[in-house]
K.L.:
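Shown below is the structure under consideration.
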Amino acid sequence: MNFKEIESKWQKYWEDNNIFVAKNGSDKKPYYILVEFPYPSGSGLHVGHVRSYTAQDSIARMKRMQGYNVLYPMGWDAFGAPAEQYAIKNHIHPKEAVKENIKTFKAQMKSLGFSFDWTREFSTTDPEYYKWTQWQFLQFYKHGMAYKDTVPVNWCPTCKSVLSNEDAAGGVCERCGSQVVQKEKSQWMLRMSEYAEDLLQGLDDTNFAERVKLGQINWIGKSVGAHVDFKIKGHDKTFTVFTTRCDTLFGATYCVLAPEHEYVLDITTKEHLEEVKEYIRNCSLKNEMERTELNKEKTGVFTGAYAINPVNGREIPIYISDYVLASYGTGSIMAVPAHDERDYEFAKKFNIPIIQVLEEVTGTPHENESEKKSIVAVVYDRENDKYLTINWKEKGGRLFVGGTIKDGETPLECAIREIKEETGYTDLELKEESFKINHHYYAYNKDKYFNIEATPLLFELKTNKKIEQELDDDEDFEVEWVSKDVILKEIKDQLHMKSFEYVTKPGAMVGDGTHTNSSFLDGLNKEDAINKMISWLEDKKLGKKKINYKMRDWIFSRQRFWGEPIPMIYCEKCGYVPMKEEDLPLLLPDVAEYEPTEDGESPLANIKEWVNTTCPCCGGKAKRETDTMPNWAGSSWYFLRFMDPHNDKEFASMDAMKYWGKVDWYNGGMEHTARHLLYARFWVQFLYNIGLVPNKEMIWTRVSHGMVLGSNNEKMSKSKGNVINPDDIVKEYGADTLRVYEMFMGDYQMDAPWSTDSLRGCKRFIDKVIRLLDKVNDKEGFTKELEVIQNKSIKKVTEDLTTLGYNTAISTLMILTNSYEDLESITKEDYHLLLTLLNPIAPHITEELNEKLGYEPICLGKFPVCDESKIVEEEKEIAVQVNGKVRATIKIKVDEEENEVKKKALAEENVIKHIDGKEVVKVIVIKGKIVNIVVK
RNA sequence: GCUCAUAUGGCGGAAUUGGUAGACGCGAUUGACUCAAAAUCAAUUUUUCGCAAGAAAGUUCCGGUUCAAGUCCGGAUAUGAGCACCA
């Protein structure tokens with residue numbers, strides 16, 4: 001059979017007969033299946049596209065046969081930098097390049113037989129489309145959701161161009177390699193942060209895959225905390241910090257302002273001014289990437305100013321440091337080195353006091369505890385890499401040196417004394433005195449419950465100098481030096497284990513515990529203390545509860561040519577004025593040069609006749625905004641346009657959107673599950689709030705497919721030479737084979753490597769299906785002995801196609817095919833059933849074979865429905881286990897009596913062998929599943 | 001560093017959600033057909049022992065729950081992805 005002819009024959013049939021055209025308002029139940037529309041790049045369709053388009057296509061084809069009115073549209077997300085770059089280089093208008101690329105993409109898609117409704121095709125670059133993108137921007141503006149703000153951008157001084165974060169990775173311009181600097185630029189912004197909570201809550205009204213929801217949640221980054229006001233000593237100024245840990249306020253020993261904080265220069269004292277200015281200058285040279293990525297070690301300078309800690313009036317120094325970001329929270333923090341890793345690191349470096357206000361709790365509290373203070377001393381012998389332990393044998397196991405602090409003694413003095421008394425070692429150097437631990441335990445020798453506050457200390461042994469131990473009568477133990485492995489294995493005591501952890505891995509104590517040194521919070525745990533502190537602060541008007549989100553406003557300007565022009569006009573008199581809606585679309589002009597201007601403005605700024613206009617407000621001279629919209633704009637609402645693509649009155653009619661409802665099934669790449677999806681949801685929620693769309697969420701199910709990797713298990717790329725071009729595969733093996741293979745290659749949501757061998761296997765499968773044609777006999781109806789497996793297959797395939805189980809759907813069909821092959825002959829009905837089940841995945845060849853049988857085209861027919869009565873088997877083979885090991889299998893009737901089953905199981909030869917001479921404790925019979933005989 | 005995901009034969013991957021681990025496919029080996037090759041068909045293919053019947057081990061590692069664990073719980077390791085000083 002010539003698959004090329006067959007494929008084009010059926011592709012033509014589908015197109016000529018408008019088989020896949022969706023009708024608005026049809027009586028059939030609507031079903032909207034969406035794949036991310038591609039960016040039509042010059043390199044053509046990727047095999048990764050084929051994977052997700054085929055998956056969605058198989059659902060679409062099945063749903064149509066099940067009687068749904070299916071909308072499966074396709075379009076082009078064609079604005080963006082690559083087309084612009086191409087245009088700059090080749091001096092052709094990007095729209096020409098885009099037109100070419102779309103042509104290629106479309107031909108490739110058609111050659112794969114995707115059942116798109118091409119009557120709804122559009123590109124985001126069509127003026128009829130971007131007119132509405134611009135119109136929607138005006139709605140944002142009119143509702144106060146779009147504003148201008150000055151934000152730092154990545155600027156390449158050589159290319160004279162604004163760079164995206166990706167193009168400025170590592171602080172170096174990707175194109176020319178020169179140092180990227182931060183430059184302040186006035187940009188259009190959308191108030192997306194106002195929607196943070198709604199975007200979070202809205203997830204409950206979706207059926208997104210869990211990992212997709214999680215991606216959204218992380219990106220929004222909600223954290224609940226408090227604002228706390230700090231007075232500045234000698235100024236009448238107050239600054240506010242955001243903290244999630246206001247319970248640790250008593251442990252705040254300094255504050256930090258971001259270098260960009262507005263107060264910095266005001267509060268800096270004369271002596272520190274030079275240093276502070278120098279620091280700020282250095283920071284401005286780094287972009288955000290550098291400040292976060294390359295900055296392993298904390299830096300900062302003291303301003304000379306002091307803040308007053310509102311809970312205890314203590315004066316604490318104010319530093320500036322770039323580890324505090326101006327863009328998050330209030331741009332200033334209170335620092336609690338004892339309980340925050342970053343603050344700890346900073347405090348250690350600048351020798352700032354560390355005050356512990358939270359103690360970790362170990363052991364179990366008990367009534368009538370006696371309280372005392374004690375130490376746990378870890379002594380390390382660097383030379384032999386051993387630790388000093390005391391082996392109490394059965395009386396307490398292995399421990400470190402421990403002991404009770406006497407009156408007037410510091411923990412250090414106590415530790416030195418105890419080490420001397422119990423082990424005799426005297427020549428020690430203190431390495432670490434760590435955070436105190438609150439430990440509850442029962443002392444057998446004293447028959448008492450204790451609640452102790454223990455201080456862990458670490459010493460290093462300088463020399464082996466030793467004196468005689470001074471032991472009490474009840475002290476009977478061995479002093480032993482052991483390795484770290486022995487400690488980790490043998491020390492069971494929680495306090496001693498924790499102490500070891502604390503002193504060997506010093507750092508902030510960030511866990512929960514009980515508060516100390518904290519006045520009215522003492523004794524409370526973290527959660528209670530936070531709540532109590534918030535109400536205390538609110539009472540005293542020193543602060544309040546505050547929720548913060550990582551998600552920021554959307555920077556909506558691009559200094560690029562190839563994007564939707566922002567429809568705003570700047571008038572000297574009136575300021576920024578929106579264009580009149582009836583003047584839209586604001587077309588991109590046809591020009592010859594696309595280079596950005598000297599000062600980084602969009603190339604549009606050079607086109608005088610385009611820029612100069614009149615003010616819609618006062619009629620005076622005015623200039624157009626020359627920034628364009630980001631790529632994300634057009635893709636934020638395209639799924640709405642597909643519902644009503646030719647509407648020239650509205651972006652889509654309410655009727656059409658109500659008819660189709662939410663997108664039932666949206667698929668795309670993992671790389672878009674955070675940002676694109678969030679932007680699109682924001683856009684829709686806004687439109688919903690102003691009454692323009694019927695649902696607050698317009699997407700119901702969202703799944704993300706795994707990548708198709710090269711055969712070497714790496715991402716496909718030209719440089720690695722592992723790229724597979726779908727055209728080549730279609731040419732050599734046919735579209736159906738490629739479709740089957742990509743569905744069979746593995747778990748749909750996971751990455752999977754390309755394997756041409758496996759592809760050949762799928763080709764063999766299709767050939768096998770074709771060969772079955774020779775087995776077709778003249779009999780009517782279905783072959784009796786196939787009925788069970790046929791109906792089981794119907795059930796499995798139907799389920800699998802809507803639960804991402806494409807690979808197991810195909811394996812089911814392979815099994816069905818094999819069972820047909822085992823027979824002398826099959827009926828037409830048998831064959832027709834197999835072809836219909838396989839049709840959603842391999843539509844061409846199945847239609848052709850089906851036609852040879854004399855049936856009407858599969859795409860016009862019905863998808864089979866499982867007859868449950870046919871899959872009830874009378875007999876079943878189940879396993880018999882002895883002590884959980886399979887020893888035999890028995891055949892039983894499905895509703896056989898438990899006792900009968902038991903009898904059968906115990907009569908098996910191999911079972912008798914294994915229970916011989918042993919006592920049968922019990923026999924577990926799980927109906928229709930398994931028998932397990934427990935013997936002793 | 002944090003978050004998430006994943007870990008099963010030579011390979012891609014199944015396992016009805018706690019009930020016969022390795023479905024299906026690839027690869028490999030052997031045989032049939034052929035002058036030969038391809039295609040096709042038949043058989044074998046987790047490991048070890050055994051002629052076989054069968055036995056033992058086995059789903060990254062350690063521990064636990066259960067009559068029964070790839071699946072549930074606790075801990076560790078590795079790989080991948082995303083975020084990255086988010087107070």
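Throughout, protein chains are lettered first and strands after them, A, B, ... in sequence-line order, and every chain is numbered starting at 1. Here the structure is a predicted model, which is why all the values come from computation and not from measurement.
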K.L.:
For atom P, what is the distance between rU48(B) and rC41(B), given to the nearest Å?
P.N.:
30 Å
K.L.:
I need the NZ-P distance between K222(A) and rA87(B), as an integer number of Å.
P.N.:
13 Å
K.L.:
Answer yes or no: is there a donor N or O on one side and an acceptor on the other, between the side chain of K904(A) and the main chain of K891(A), under 3.5 Å?
P.N.:
yes
K.L.:
Is the Y679(A) ring parallel, tilted or perpendicular to the W632(A) ring (thresholds 30°, 60°)?
P.N.:
tilted
K.L.:
Taking rA7(B) as the reference, what is the distance to rU59(B) when you measure between their C1' atoms (whole Å, please)?
P.N.:
9 Å
K.L.:
Write down the distance separating the C1' atoms in rG70(B) and rA21(B), rounded off to the nearest Å.
P.N.:
7 Å
K.L.:
Does F346(A) have its ring centroid less than 6.0 Å away from the ring centroid of Y319(A)?
P.N.:
yes
K.L.:
First locate atom CD of E896(A), then atom NZ of K903(A), and finally report the distance between them rounded to the nearest 0.5 Å.
P.N.:
10.0 Å
K.L.:
By the 4.0 Å heavy-atom rule, please label E821(A) as base, sugar-phosphate, or nothing.
P.N.:
sugar-phosphate
K.L.:
So, does H914(A) get its side chain near the phosphate of rA55(B), meaning an N or O under 4.0 Å from OP1 or OP2?
P.N.:
yes
K.L.:
Name the pairing partner of rA14(B), where a pair is Watson-Crick or G-U wobble with both distances under 3.5 Å, or state none.
P.N.:
none
K.L.:
Any base atoms under 4.0 Å from H339(A), or only sugar-phosphate, or nothing? Heavy atoms, all strands.
P.N.:
nothing
K.L.:
Could you tell me the separation between the CD atom of E898(A) and the C1' atom of rC67(B), rounded to a whole number of Å?
P.N.:
14 Å
K.L.:
Rounded to whole angstrom units, what separation is found between the NZ atom of K885(A) and the P atom of rG58(B)?
P.N.:
8 Å
K.L.:
Rounded to the nearest angstrom, tell me the gap between atom CG in D774(A) and atom P in rU40(B).
P.N.:
15 Å
K.L.:
From the options rA87(B), rA55(B), rC67(B), select the nucleotide whose nearest atom is closest to the side chain of K922(A).
P.N.:
rC67(B)
K.L.:
Which listed nucleotide (rA87(B), rA55(B), rC85(B)) is nearest to the side chain of N910(A)?
P.N.:
rA55(B)
K.L.:
Check every atom of rA87(B), rC85(B), rC67(B) against the side chain of D322(A) and return the nucleotide holding the closest atom.
P.N.:
rC85(B)
K.L.:
Once you apply the 3.5 Å cut-off to both distances, tell me the Watson-Crick or G-U wobble partner of rG27(B), or none.
P.N.:
rU45(B)
K.L.:
I need the full list of side-chain hydrogen bond (donor to acceptor under 3.5 Å, both in side chains) pairs touching residues 915-932 of chain A, with sequence neighbours left out, sorted by first then second residue.
P.N.:
none
K.L.:
What is the distance from CZ of R887(A) to C1' of rG54(B), rounded to the nearest Å?
P.N.:
10 Å
K.L.:
Using the ring pair (Phe, Tyr, Trp, His ring centres under 6.0 Å) rule, take Y806(A) and F744(A) through it: C-alpha gap first, then chi angles, then the decisive distance, then the call.
P.N.:
CA-CA 6 Å; Y806(A) 308 103; F744(A) 186 61; over 10 Å; no
K.L.:
Determine the interatomic distance between C1' on rA81(B) and the same-named atom on rC73(B); round to the nearest Å.
P.N.:
26 Å
K.L.:
Is K550(A) side chain donor-acceptor paired with the rC83(B) base, going by distance under 3.5 Å alone?
P.N.:
no
K.L.:
Mind checking the P distance from rG75(B) to rU20(B)? Whole angstroms is fine.
P.N.:
29 Å
K.L.:
Write down the distance separating the C1' atoms in rA15(B) and rG25(B), rounded off to the nearest Å.
P.N.:
16 Å
K.L.:
Could you identify the nucleotide paired to rG63(B), looking across every strand shown and requiring Watson-Crick or G-U wobble geometry with both distances under 3.5 Å?
P.N.:
rC73(B)
K.L.:
Please state how far atom NE2 in H227(A) lies from atom C1' in rA87(B), giving the value in whole angstrom units.
P.N.:
11 Å
K.L.:
Using a cut-off of 4.0 Å between protein heavy atoms and nucleotide atoms, how would you tag nucleotides 1-34 of chain B 5' to 3' with B, S and -?
P.N.:
--SS-S-----BSS----BB--BBSSS-------
K.L.:
If I take atom OH in residue Y254(A) and atom C1' in nucleotide rA87(B), what distance separates them, rounded to the nearest angstrom?
P.N.:
10 Å
K.L.:
Looking at K298(A) and E345(A), is any side-chain nitrogen of the basic one under 4.0 Å from a carboxylate oxygen of the acidic one?
P.N.:
yes
K.L.:
Step through it carefully: locate the ring centre of W219(A), locate the ring centre of Y549(A), and say whether they are under 6.0 Å apart.
P.N.:
no
K.L.:
Using atom C1' in both nucleotides, what's the gap between rA5(B) and rG9(B) to the nearest angstrom?
P.N.:
23 Å
K.L.:
Roughly how many Å is it from NZ in K913(A) to C1' in rA56(B), rounded to a whole number?
P.N.:
13 Å
K.L.:
Pick the P atom in rC67(B) and in rG13(B), then give their distance to the nearest Å.
P.N.:
36 Å
